Structures are given as C-alpha cells and as structure tokens.
Asker: 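Okay, handing you the structure first.
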Amino acid sequence: MAAVPDKKDKAEVGKLIEDIRRYERGSAALDPGAGERRRLWDRVGDFTEQFLESLPSRPAFINSETRGRELYDSPIAETGADIDEVLKLFKDRVVDIGLSPVSGRFLAYIPPCATYHGALGDFLAAVTNEFSGNFFNCPGAVRMEHQLVRWLAGLAGYPKEAHGSLASGGSTATLTCVVTAREAHGLKARDYEKSVVYLTAHTHHSLHKALLIAGMAECVKRIVPMDSAYRMDGRHLDGMISDDRKQGLKPWILVGSSGTTDVGAVDSLDSLGQIARRHGLWYHVDGAYGGLFILSDLVKDKFRGIELSDSVVMNPHKALFTPFGLGVALVRNGELLARALFHTANYMQDSLEGTEEVSPADTGLELTRHFRALRLWLPLKLLGVAPFRAALSEKILLTRYAYEKLRAIDGIEVGPYPDLSVFAFRYVPQRGDADSFNKRLNGELRRDGTVFLSSTVIDGKYMIRFAVLSFRTHVETIDLAIDLIDRGIERVEKE
Ligand SMILES: *Cc1c(COP(=O)(O)O)cnc(C)c1O
C-alpha cells in the first residue's frame, strides 16, 4: 500500500468542505436549470429551423477562400461565450462552408442525408446517455439495439441464431466481421501469410484497412476479375481457389459486394455464396451502401443469395438516412461474434449478472459506446418502414432517369446500366484528352457548387460518378444537375 497522510482534525475537514463548495459553485454551469435549458433549446431550435429552411436555396458546396481557418481566432478559453455568438461561429466557420451533406443536390460519393427524427433520436440518446454496452446495466437500451439487429438480420434472410453489432460505421462493422471470420477459422499469426482473401479491384478500401488493423495485412489478396458490369466474375473463382489450395495456401474469405462504391454494382450473391460453401470459405458481403436497397421491391431480386453469407455489413447512415455513426455488422451464426470478441475483467464482474441477452460490449469492438440505436429506432417507430421503402425506390428510378437523360447528350459516354443508384459517365470531346476534359468539367461543377459530384477512375479512365441517395433528391434535382452538366460541358469546350 502507498503511504496515506495522517488523519485530519475537525478544522481541517471543515476547510476541505469549504474548498469542495468553492469548486461546486465553480462547476455549477455544467448543470443548467430549467430556464436556461429552455433558452438553449430555443436557440438551437431556431438555428436548426433556419438551417433546414435554407436547404432548398443552399448550394451543395460552398467555396470559401479561408476554409474556416478563422475558427482558430476564437480559441478555447477559461470562460464561456453566449450561445448566439457560439452558434454564429458554428454557422460561419463550419456549416456555411464546404459540403452540405444533407443537401438533396449532393450527388457525390455515397450521399448521406439525416432525417430530423434521427437527429432527435441522437438528442434523446445524448441527454439520457443510456449505457448500451451491457445488458445488466441498461437492459432496455440493449433490447432496443437487438430489436434492430433482428429486423436487419431478417432483411438479410438470416436465421434466428444470427446476431449483430451496431458499429459506428461501415469501416468498423467490416473490422468486426473480419475479426469474427478470422477467429471462426481459427487463424493464428503464423497462418496469415498463407490465408487467402478473394475480392475485386472495386472492393471497398475499408476491407483492406480492416485486414490491416486485424494484423492480417500480409495475407494473400486475390483480385478476382470482374465482368463487363463490374461484378465479380465467379467463373474464375473455382479455379483460383483450387489452385491456391494446391499450392498449400489457405483459402479463407470471399468478399462480395451488394453495391460497389465506384458504380453501385451488385455481385451475383447467390453464385458467389454457392462457391464459398463448396470450398468452405467465409462469405462476407459488403452491403454498406447497397444492402438496404433490399427494402425496395424494384431491386429486391438482385439480393438473392445474400442469406448464404456468413456476415454482411449494412450502413443505416447511408440508405436508412440516420445521422452519421451507424453501420451494422450481421453474422449468420451469431455465437461466433461473441466467441471472437468476448472479454472481461474483475471490475466488470457485476455486469456479467444479466445473461438473458448478450451484451453489445461482448459482440462488438467498444465497451462504452454511443447509444446509437435511437438514431434508427426513433425514425422507424415514428414513420414506419413504408416511407423508407418509397424513398429507396424513388432513388432507383431517379438514377435510371438521370442515366437516360445523360446518355441522350451528344458526346456523353455512360458506364454500365445502374444496378442501384450509382453510375459513372464521362464526356468524350471531339479533340483533346478526355481525362483532362472531365477533370475540368468536374472542377467547373465544383466552382459553381449548386450540385456536387465526385469522380473515380475506371479501367484507367477518369469518370464522373452520379450517385443518388438523399431523400431530398427529386426529379427537379436531376433536371437541374443534368442542365448544369450540359452547360458545364459547353463552358469547358469553349475554354
Ligand atoms: C461507405 C462504404 C463503406 C464504409 O463505410 P463507412 O461508414 O464510411 O465507414 C464500406 N463499403 C462500401 C461499399 C461503402 O459504400
């Protein structure tokens, strides 16, 4: 035992209390009373109303010379400032510059858009700060989480034994799945060099990052060729797997995509699943962007075979419009999750008492975690599933509409017909280099900022992507975007 100071006399204890009281008064601002809470709530409410009302006229991208550098002119100080001043700083230096991810004219990357209901869920989660890490402490929070996991697992056609983890996003959900797959196959460090991952050149980079974090960067990555629509071409797989085995390697995991980021391609999930089964591979499906389109009757068929997967990732913060911070890892044999990730310690012994439901801390990467279930549960309960299905179907049709309109423009070359809500295109100028033309076209659209698109490289060609996923994107948005692209082409041609 470390040395303990002598016992204090009465006067010294009195002094101790005096000091405590002084600090108590000094920290009282941390717990405002009802009146101050109402004032803050009203100010923030006014702010969000103004923001949401400004969206229809707000560019998707606001150029700014200083990119918010002035934020540093207002350092973190010992004393606080008034809410109006602080909100103004937030507006001027953060909200009003760069991208507006919740704009319907954000047609880049995978467009995120957060429902108001989801934002309220976040607020409720933050105020109550329910500890969703384990069942004993906050059983209701855990049940809410599991209700969502079961609903999502049902969408994937998984059996009752399935389980999942609400992670902070697709990348962490992918890491969860990779570690589960590694443990399920009993792989040890000495095996990594011989363990083979089958993926395509369009597999999302979060998979590579997950392998790196899982300590498996040196595993063998087999890049399986794609067909003309950029889906994994399963015809090569059987041979590749058999050859690898003959060479003494350990075929381990097959990664399919139900919606690639580049062009939104959905692999033939069924045939990949059959191959994985035949060869005893872990079958992982990356549905971070596209998996939830299974809710739309228009494209549901494309997901046939997803139920054969051992794990799948879906991102409600993409296709279910929650605020950022929700990607779900689902594992068909749920027990494998806890087998891979369960850990405990002496100071956790009390929380081992409740065993009716497994604890999220034992099936995911985090112990203390955001109560992120509410950002999905609240919108689903308030609105029902129907509007989400309708929004996703609308996005599918809007994308087909945009594809038709773009390919009607002379000189535009489109990529494969969209499986979901993303496709790539480029303009092929009469003379000059197409790559540099499209780079300039993309730059031209950015400078204007009304709409925001992003680009990629496909088969060595610079392509602009057209991605539709915001519930605020409608027919008028597409018409406007096509018009701006058309005018942008004219301008670049004249340069
Ligand atoms: C967005 C995305 C991811 C990564 O998800 P984050 O939530 O951004 O970490 C993984 N795969 C695909 C196909 C994606 O579109």
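Hydrogens, waters and symmetry mates play no part in the numbers below; they use all other heavy atoms, side chains included. All of these numbers come straight from a predicted model, not from anything done at the bench. Atoms within a ligand are numbered from 1 in the order they appear, just like the ligands themselves.
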Asker: Applying a 4.0 Å heavy-atom criterion (strictly less than), which segment of T172 is in contact with ligand 1: side chain, backbone, both, or neither?
Answerer: neither

Asker: Backbone N or O of Y427 within a donor-acceptor pair of the N438 side chain at under 3.5 Å?
Answerer: yes

Asker: Show which atoms of ligand 1 fall inside a sub-4.0 Å distance from at least one heavy-atom site of T261.
Answerer: 12 (C), 13 (C), 14 (C), 15 (O)

Asker: Please state which part of S206 comes within less than 4.0 Å of ligand 1, counting heavy atoms only: side chain, backbone, both or neither.
Answerer: side chain

Asker: Under 4.0 Å from any heavy atom of A288, which atoms of ligand 1 are there?
Answerer: 2 (C), 3 (C), 10 (C), 11 (N), 12 (C), 14 (C)

Asker: In Å, rounded to the nearest 0.5 Å, how long is the span from OG of S171 to CG of N315?
Answerer: 8.0 Å

Asker: Kindly say whether Y283 contributes a backbone atom to a donor-acceptor pair with the side chain of R277 at under 3.5 angstrom?
Answerer: no

Asker: So is G259 touching ligand 1 or not, going by heavy atoms under 4.0 Å?
Answerer: yes

Asker: Answer whether the closest heavy-atom distance between the side chains of V95 and F90 falls below 4.5 Å.
Answerer: yes

Asker: What's the shortest distance from atom 4 (C) of ligand 1 to any protein heavy atom, and which residue and atom give it?
Answerer: H204 CE1, 3.6 Å

Asker: May I ask you to check whether F423 and Y417 place their ring centres under 6.0 Å from each other?
Answerer: no

Asker: List the closest protein heavy-atom neighbour of atom 11 (N) of ligand 1: residue, atom name, distance to the nearest 0.1 Å.
Answerer: D286 OD2, 2.7 Å

Asker: Does any N/O atom on H317 come nearer than 3.5 Å to any N/O atom on ligand 1?
Answerer: yes

Asker: Under 4.0 Å from any heavy atom of N315, which atoms of ligand 1 are there?
Answerer: 5 (O), 6 (P), 7 (O)

Asker: Please list, in number order, the atoms of ligand 1 under 4.0 Å from a heavy atom of G169.
Answerer: 7 (O)

Asker: What atoms in ligand 1 come closer than 4.0 Å to a heavy atom of S171?
Answerer: 4 (C), 5 (O), 6 (P), 9 (O)

Asker: Rounded to the nearest 0.5 Å, what separates atom CG in L376 from atom CH2 in W151?
Answerer: 6.5 Å

Asker: Is there a donor in the side chain of S257 and an acceptor in the side chain of D286, or the other way round, less than 3.5 Å apart?
Answerer: no

Asker: Please list the nearest protein heavy atom to atom 6 (P) of ligand 1 with its residue and the distance rounded to 0.1 Å.
Answerer: G170 N, 3.3 Å

Asker: Tell me whether I110 has any N or O atom under 3.5 angstrom from an N or O of ligand 1.
Answerer: no

Asker: Could you tell me if the side chain of D267 sits less than 4.5 Å from the side chain of Y230, heavy atoms only?
Answerer: no

Asker: Check whether any side-chain heavy atom of T261 lies under 4.5 Å from a side-chain heavy atom of R465, and answer yes or no.
Answerer: yes

Asker: Looking only at protein heavy atoms, identify the closest one to atom 14 (C) of ligand 1 and say how far it is in Å.
Answerer: K318 NZ, 2.9 Å

